[in-house]
Amino acid sequence: VDRNRGVFGPLRSPDEIAAQGFAPADEPTLQAMRERAFVGTAAQVGTQLRALAADYGLDELVINTWAFDPQVRRRSYALLAEEFSLNSATTANPSA
């Protein structure tokens, strides 16, 4: 939500965000974000990403995982790499 307001900076922890809460005026922004998010198992997200690529005629996608914890972020990338049958020689460094 901060980025939509033009407030940029490092990702904040989920605990910090929960403690702050959201104003009722933030609900449309939150709902729009939920509708665009790809959430689920690797297979579910893979299906969603394949559909997105097919809908737009894309040959490749760039994935950005907004997980606060770097280990969770790396695991997300690893699961997607496995889902798409990518090996370490064809993937970027997920720790970056």
Side-chain angles (χ1 to χ4, degrees):
V1 173
D2 285 345
R3 284 172 169 67
N4 288 344
R5 293 184 186 133
V7 178
F8 299 97
L11 290 178
R12 295 186 305 145
S13 76
D15 292 338
E16 182 182 346
I17 294 168
Q20 174 188 327
F22 294 101
D26 294 327
E27 191 54 40
T29 299
L30 293 168
Q31 185 60 35
M33 291 169 65
R34 288 181 192 112
E35 290 170 5
R36 290 190 316 257
F38 293 98
V39 179
T41 66
Q44 290 168 332
V45 171
T47 297
Q48 293 171 316
L49 290 171
R50 286 179 184 95
L52 176 73
D55 288 348
Y56 288 97
L58 304 174
D59 294 325
E60 64 184 24
L61 297 168
V62 175
I63 306 299
N64 185 15
T65 299
W66 289 90
F68 175 74
D69 183 327
Q71 290 179 329
V72 171
R73 193 167 46 248
R74 282 190 291 275
R75 177 74 175 140
S76 175
Y77 290 135
L79 290 168
L80 286 172
E82 185 177 321
E83 171 64 23
F84 284 91
S85 302
L86 302 174
N87 62 42
S88 60
T90 61
T91 59
N93 181 355
S95 63

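Interatomic distance, CG of L61 versus CZ of R50, reported as 10.0 Å (0.5 Å rounding). From E83, atom CD reaches atom CD of Q44 across 10.0 Å, with rounding to the nearest 0.5 Å. One finds the CE atom of M33 at 8.0 Å from the OG1 atom of T29 (value rounded to the nearest 0.5 Å).
F68 and I17 fall into different hydrophobic clusters, where Ile, Leu, Val, Met, Phe, Trp and Tyr side chains are chained together by heavy-atom contacts under 4.5 Å. Side-chain heavy atoms closer than 4.5 Å link hydrophobic residues (I, L, V, M, F, W, Y) into clusters, and following such links, possibly through other members, connects V45 to I63. One hydrophobic cluster holds both L80 and L58 under the rule that ILVMFWY side chains link at heavy-atom gaps under 4.5 Å. Residues F84 and L79 do not share a hydrophobic cluster, clusters being chains of Ile/Leu/Val/Met/Phe/Trp/Tyr side chains in contact below 4.5 Å.
Listed by first then second residue, pairs satisfying side chain to side chain donor-acceptor pair (under 3.5 Å) with a partner in residues 55-67 read T65-S76, not counting sequence neighbours.
Q71 meets the side chain to side chain donor-acceptor pair (under 3.5 Å) test with no other residue; sequence neighbours excluded.
Heavy-atom neighbours of R12 CZ from other residues, nucleotides or ligands within 6.0 Å: above the threshold of 12. No more than 12 heavy atoms of other residues, nucleotides or ligands shown are found within 6.0 angstrom of CD on E82.
For the residue pair Q20 / E16, no side-chain donor-acceptor distance below 3.5 Å is found, with atom types taken as modelled.
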